[in-house]
Amino acid sequence: MPYPFLHGLNPEQRAAVTLPHESALILAGAGSGKTRVLTTRIAYLIQSGQATPHGLLAVTFTNKAAKEMIARLSAMLPINTRGMWIGTFHGLCNRLLRAHHREAGLPALFQILDSSDQLSAIKRLLKALNVDEEKYPPKQVQHFINSSKDEGLRAEAVEAYDPFTRQMQEVFLEYDKQCQREGVVDFAELLLRSYELLSRDNALREHYQNRFRHILVDEFQDTNRLQYRWLKLLAGPGCAMFAVGDDDQSIYAFRGAHVGNMREFERDFAVQQVIKLEQNYRSHGNILDAANALIHHNNGRLGKNLWTSEGSGEPIRLFEAATDQEEAAYIVDETKALQREGIALTDIAILYRSNAQSRVLEHALFSAGLPYRVYGGLRFFERQEIKHALAYLRLIASSEDDGALLRVINFPARGIGARSLEQLQDAAKQRGVSLYEAACMKVLGGKGGTAIGNFAAMLEALRETCHGLPLPEQIEHVIEASGLAQHYRSEKEGAERLENLNELVNAAAGFVAENEAQRSFGEDSPVEGGLGRSQNEEDHSLAAFSSDVTPSGLVSSESLELPKRQLQAFLTHAALESGERQAEAGVAAVQLMTVHAAKGLEFHAVFLTGLEEGLFPHDNSRNESDGLEEERRLMYVAITRARRRLYISYAQSRMLHGQFRYGLVSRFLDEIPAQLLKAVNTRRAYTETQSAWASPSAPAAARRSSAAPDSPWHFGQNVSHPKFGAGVIINCEGSGAEARVEVKFRNAGSKWLALEYAKLTAM
DNA sequence: ACTACGAGACTTTTT
DNA sequence: GTCTCGTAGT
């Protein structure tokens with residue numbers, strides 16, 4: 001058999017993989033081997049000579065998915081995947097815009113704003129325009145701008161019939177002007193810019209259309225309108241689009257995803273083949289039956305029913321708790337039982353609809369001494385110390401970047417207050433120059449703003465020293481010379497931040513090493529991303545194209561010396577890939593996350609919590625059209641995460657926003673056939689055996705009784721510290737080596753202490 | 001320039 | 001309940 005990787009595929013999967021050259025829609029249910037089909041399809045196309053690695057484009061939503069695809073592909077085929085156009089929408093657009101920045105009207109070193117950068121840019125703009133932030137909240141402005149762009153609309157194209165919208169439109173317009181001035185691009189702009197570039201520039205578009213004869217899209221149900229239009233533009237007459245998705249797992253409508261794209265795709269591309277992958281390799285029958293029955297309540301589905309060749313398995317366990325605390329206590333007990341059965345903690349997940357629910361669960365797990373990991377906190381490149389360091393680096397790369405300058409002009413504090421800043425901004429505006437340039441004039445001008453002059457001089461020195469240095473050394477130098485290191489050294493909570501800054505240097509070293517490895521393969525650098533260098537037989541047309549028709553993009557970035565290119569590439573990397581969510585991967589710990597975050601993952605056992613009206617489905621979903629259906633799809637996603645065992649629980653009352661809320665049982669539970677559910681414990685039965693939990697009169701005693709013997713620390717525990725004396729544990733955070741507790745001391749106030757280091761003794 | 005206090009939010013989130 | 005943000009006060 002010529003295609004060994006086709007082995008082990010079921011008939012539908014195989015049909016999808018070996019489809020002829022035509023556009024197709026693959027409806028891939030949860031756990032049906034979607035990623036496998038997608039990657040095997042690519043391997044098949046290449047192996048059978050229907051496509052070259054160069055001639056296909058594969059799009060995903062997350063960097064993780066793109067990496068996964070690349071990893072699997074290189075395991076299947078001995079090809080160099082690094083130069084291939086496999087990536088996220090944003091990553092690929094970035095690549096396009098870097099290569100053709102001049103045609104796109106962007107500077108070679110344009111910087112990318114993440115959402116928090118964008119928000120501060122908007123706040124700054126609102127102040128400059130004297131727009132009332134009460135009436136036009138920055139967040140709302142941000143949403144207005146982004147959702148307009150996601151629909152493919154520029155400010156001029158927005159329909160504004162009322163004064164409010166007209167003002168929004170005005171801000172939108174000014175915002176884009178500001179970005180252009182400062183040489184920065186937000187996420188939505190990456191897409192819109194490259195869309196506009198491709199639709200305006202016929203030669204360029206035709207070039208890419210001729211190149212990409214196959215376009216493969218993952219998670220197609222999550223595409224927004226602009227992304228779909230972008231794909232349509234890139235798909236020329238001879239292009240086959242292979243779209244994989246699951247309308248039942250569309251849970252991102254709230255951020256612009258348009259499931260309707262699936263039907264439109266069928267129509268627009270005259271799709272002959274809709275292949276359904278319905279065989280599920282993940283879950284036992286009862287779990288799938290529950291998911292199928294639930295999702296059946298949605299209207300307008302493309303239609304799909306999951307099945308498995310495995311048995312029905314265990315029933316779904318349903319637990320009714322009196323309170324959220326009791327719910328948590330039950331989960332702790334069951335987790336311990338699972339652990340005793342030999343289930344790895346990493347294979348157990350606790351899911352919730354909203355982040356606010358995690359607290360109670362964390363407390364219970366902590367008290368029980370069960371290690372846990374919460375997904376969804378700050379990520380590496382979002383940390384303030386990292387953003388500060390990156391802002392200095394951005395200023396080295398591009399002097400126009402006012403946002404970066406404002407971030408660090410007085411951090412660490414160097415005596416530049418609001419007044420001198422205002423003067424600087426006025427001066428810059430008057431002369432029509434960037435803040436950086438205005439600051440430099442203060443150096444030349446001599447007296448006046450000496451603090452600002454010193455700052456500008458420091459930046460100049462920074463640039464000077466970094467010039468020609470390898471990237472990691474540049475960063476090291478910036479961290480020291482900017483005073484960031486000193487600042488965090490003198491701050492009492494600064495140790496961790498220093499460590500992160502150190503980690504930034506390591507990350508840069510790793511990044512450079514990886515890129516050098518690519519380069520030595522004779523590949524495209526990530527910056528130009530695939531243009532300019534002849535690699536395989538198709539490339540000479542491309543090289544000719546780049547130098548004859550659109551030489552500028554390439555030539556100018558190639559003319560940059562290596563360290564500068566490295567810096568730019570690293571800044572892009574930092575913006576586009578905010579870093580791993582997991583702090584301590586590989587550590588045996590129960591996984592806590594929202595249902596959204598669980599999409600794409602699977603676990604042996606899943607606890608699905610908070611099945612109460614108002615929480616799940618969430619109250620706020622009621623206003624939105626299709627809101628309830630999206631909540632139901634969310635529930636569907638949650639159920640299908642479980643391989644073997646699924647627990648569903650709800651609480652009769654729970655603490656929410658500082659007060660008790662009494663929720664009815666979620667309607668979703670009525671939509672699951674009763675015979676699939678087994679009530680494991682009524683509230684009364686459970687509270688009788690664990691009566692301490694239900695006793696509201698003695699919460700401290702209740703908590704104490706819950707503490708596992710294997711953990712000496714829990715809430716209400718009286719402790720003693722050699723320096724601070726006697727106190728009581730009032731809060732906790734983290735687990736394992738990173739566990740910290742907050743102790744309220746009798747005479748020394750409250751302190752956060754790392755359990756690993758603090759010499760605490762139980763009393 | 002830094003701290004302190006009060007007001008208001010608060011569903012989900014990748015890039 | 002708890003966190004963030006912005007302003008007012010020292």
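The chains referred to below are lettered A, B, ... by the order of the sequence lines, with proteins before strands, and numbering in each begins at 1.
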Rounded distance in Å - [atom1] ([X]) to [atom2] ([N]):
{"X": "A/Lys123", "N": "C/dC5", "atom1": "NZ", "atom2": "C1'", "result": "7 Å"}
{"X": "A/Gln384", "N": "C/dC5", "atom1": "CD", "atom2": "P", "result": "11 Å"}
{"X": "A/Phe187", "N": "B/dT15", "atom1": "CZ", "atom2": "P", "result": "8 Å"}
{"X": "A/Gln142", "N": "B/dT13", "atom1": "CD", "atom2": "C1'", "result": "12 Å"}
{"X": "A/Arg654", "N": "C/dG1", "atom1": "CZ", "atom2": "P", "result": "17 Å"}
{"X": "A/Tyr252", "N": "B/dT14", "atom1": "OH", "atom2": "P", "result": "6 Å"}
{"X": "A/Met593", "N": "B/dT12", "atom1": "CE", "atom2": "C1'", "result": "14 Å"}
{"X": "A/Leu601", "N": "B/dT14", "atom1": "CG", "atom2": "P", "result": "12 Å"}

Is there a side-chain contact between A/Arg359 and the phosphate of C/dC3, meaning an N or O under 4.0 Å from OP1 or OP2? yes
Below 4.0 Å: OP1/OP2 of B/dT13 and any side-chain N or O of A/Thr594: yes
Are there any protein N/O atoms within less than 3.5 Å of an N/O atom in nucleotides 7-10 of chain C, and if so, which ones and at what distance?
none

Taking the side chain as every heavy atom from C-beta outward, state whether [X] and [Y] have any atom pair closer than 4.5 Å.
{"X": "A/Val595", "Y": "A/Tyr352", "result": "no"}
{"X": "A/Asn261", "Y": "A/Phe220", "result": "yes"}
{"X": "A/Leu365", "Y": "A/Leu592", "result": "yes"}
{"X": "A/Thr640", "Y": "A/Glu602", "result": "no"}

Donor-acceptor contact below 3.5 Å, side chain A/Gln111 vs main chain A/Val185: no
Please answer whether the main-chain N or O of A/Thr572 pairs with a side-chain N or O of A/Asn94 as donor and acceptor at a distance below 3.5 Å. no
Counting any heavy atom closer than 4.0 Å, what does [X] reach on the DNA or RNA strands: base, sugar-phosphate only, or nothing?
{"X": "A/Lys599", "result": "nothing"}
{"X": "A/Asn63", "result": "sugar-phosphate"}
{"X": "A/Ile416", "result": "sugar-phosphate"}

Going by side-chain hydrogen bond (donor to acceptor under 3.5 Å, both in side chains), A/Glu577 matches just one of A/Lys67, A/His90, A/Lys64. Which one? A/Lys67
Along nucleotides 2-11 of chain B, 5' to 3', which nucleotides get a B, which get an S, and which get a -, given that the test is a protein heavy-atom distance under 4.0 Å? S-------BB
Please confirm whether A/Arg255 makes a cation-pi placement over A/Tyr252, using NZ or CZ under 6.0 Å from the six-membered ring centre and within 45° of the ring normal. yes
Would A/Arg98 count as a cation-pi partner of A/Phe110, with NZ or CZ less than 6.0 Å from the six-membered ring centre and within 45° of the ring normal? yes
Nearest-angstrom distance, P atom, B/dT12 to C/dC5: 16 Å
Choosing from C/dG6, B/dT14, C/dT2, which nucleotide comes nearest the side chain of A/Arg255? B/dT14
Will you find, in the side chains of A/Gln142 and A/Gln118, an N or O donor that is under 3.5 Å from an N or O acceptor? yes
